[in-house]
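Here's the structure, in structure tokens; my notes come after.
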Amino acid sequence: MPLPIRHLAVALTMCCALLAGSTAYAAPQHFGQQTTTVTVADPTPSPSTSAEKRKFAKTRFVADAALAAGATYQWIVKPYKAGKFKKGAHGRKLALVKAAVAGAFAYNRLKAAVRNAKADPLLSKAVAPLTAGIESLKSLPSKLRKGKSTDDVVNSYDDIINKVKDAGNKSGAEIKDKVPSASQLTNS
């Protein structure tokens, strides 16, 4: 029974590695002891100044909040206003599923936005009062999936998104809605 070529290549590579390792270990000791120092670079680059750190945090805050706002408007507020969540509406189940996924995505992005806001002194003061409201959104996607009190769920999302936008705008970080792609929704 012939072996696949990749099995042979792996076996040959392993044999060469073992041979090279054993040869290096059994090398004559008359060459003297050599010490090697290996320096490993920090894998995460850090900003050189605190101003750069704040700048990147503010940019990330804006991006995360914009994606949360876009998802909320596109798949929660807009279908709600069109009457897609009402009993007997055409496409209601699909609209509710999309809204639940968008709700979970918006919660995830808002949590990321709060983490980024903590790195900027001005944003952290503006967003700090909203953390409890953002945390309350955690349970809303399951309520939305079950179809319970859609008025309250939609209003909660819309209210929190507007408060985050206002906090960003007051801190000099203008937030414009950005509708996420389907892959962004499912990979969050």
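All heavy atoms count here, side chains included; hydrogens, waters and symmetry mates do not.
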Any side-chain heavy-atom pair from I175 and F61 closer than 4.5 angstrom?
yes
Over all heavy atoms of both residues, which pair between Y157 and A104 is shortest? Give the atoms and the distance, please.
OH-N, 4.2 Å
Measure across N169 and E174 and return the closest heavy-atom pair with its distance rounded to 0.1 Å.
OD1-CA, 3.1 Å
Decide side-chain contact (heavy atoms from CB on, under 4.5 Å) for V154 and F85; before the verdict, give the C-alpha distance in whole Å, the side-chain angles of both, and the deciding distance to 0.1 Å.
CA-CA 10 Å; V154 171; F85 297 152; 4.0 Å; yes
Tell me the closest heavy-atom pair linking A113 and A65, and the distance in Å.
CB-N, 4.2 Å
Are any non-hydrogen side-chain atoms of K111 and E135 less than 4.5 angstrom apart?
yes
For K84 and R92, what are the C-alpha separation, side-chain angles and deciding distance, and is it a side-chain contact (heavy atoms from CB on, under 4.5 Å)?
CA-CA 5 Å; K84 293 275 186 174; R92 177 177 186 257; over 6 Å; no
Does any part of the side chain of V101, heavy atoms only, come nearer than 4.5 Å to the side chain of W75, both counted from C-beta?
no
Given 3.5 Å as the limit, does a donor-acceptor pair link the side chain of N116 with the main chain of A112, or not?
yes
Salt bridge present between K165 and D177 (N-O < 4.0 angstrom):
yes
List the atom of G172, the atom of K58, and the distance in Å for their closest heavy-atom pair.
O-CD, 4.4 Å
Identified side-chain contact (heavy atoms from CB on, under 4.5 Å) partner of S171 from the options V127, D166, L122:
L122
Heavy atoms only: give me the nearest V62-A173 pair and the separation to one decimal.
CG2-CB, 3.5 Å
Using a distance-only test with no angle check, is there a side-chain donor-acceptor pair under 3.5 angstrom linking Y73 and D158?
no
Measure across A167 and L130 and return the closest heavy-atom pair with its distance rounded to 0.1 Å.
CB-CD1, 4.1 Å
What residue among T72, I161, N108, L110 forms side-chain contact (heavy atoms from CB on, under 4.5 Å) with L137?
L110
Taking the side chain as every heavy atom from C-beta outward, state whether Q184 and L67 have any atom pair closer than 4.5 Å.
yes
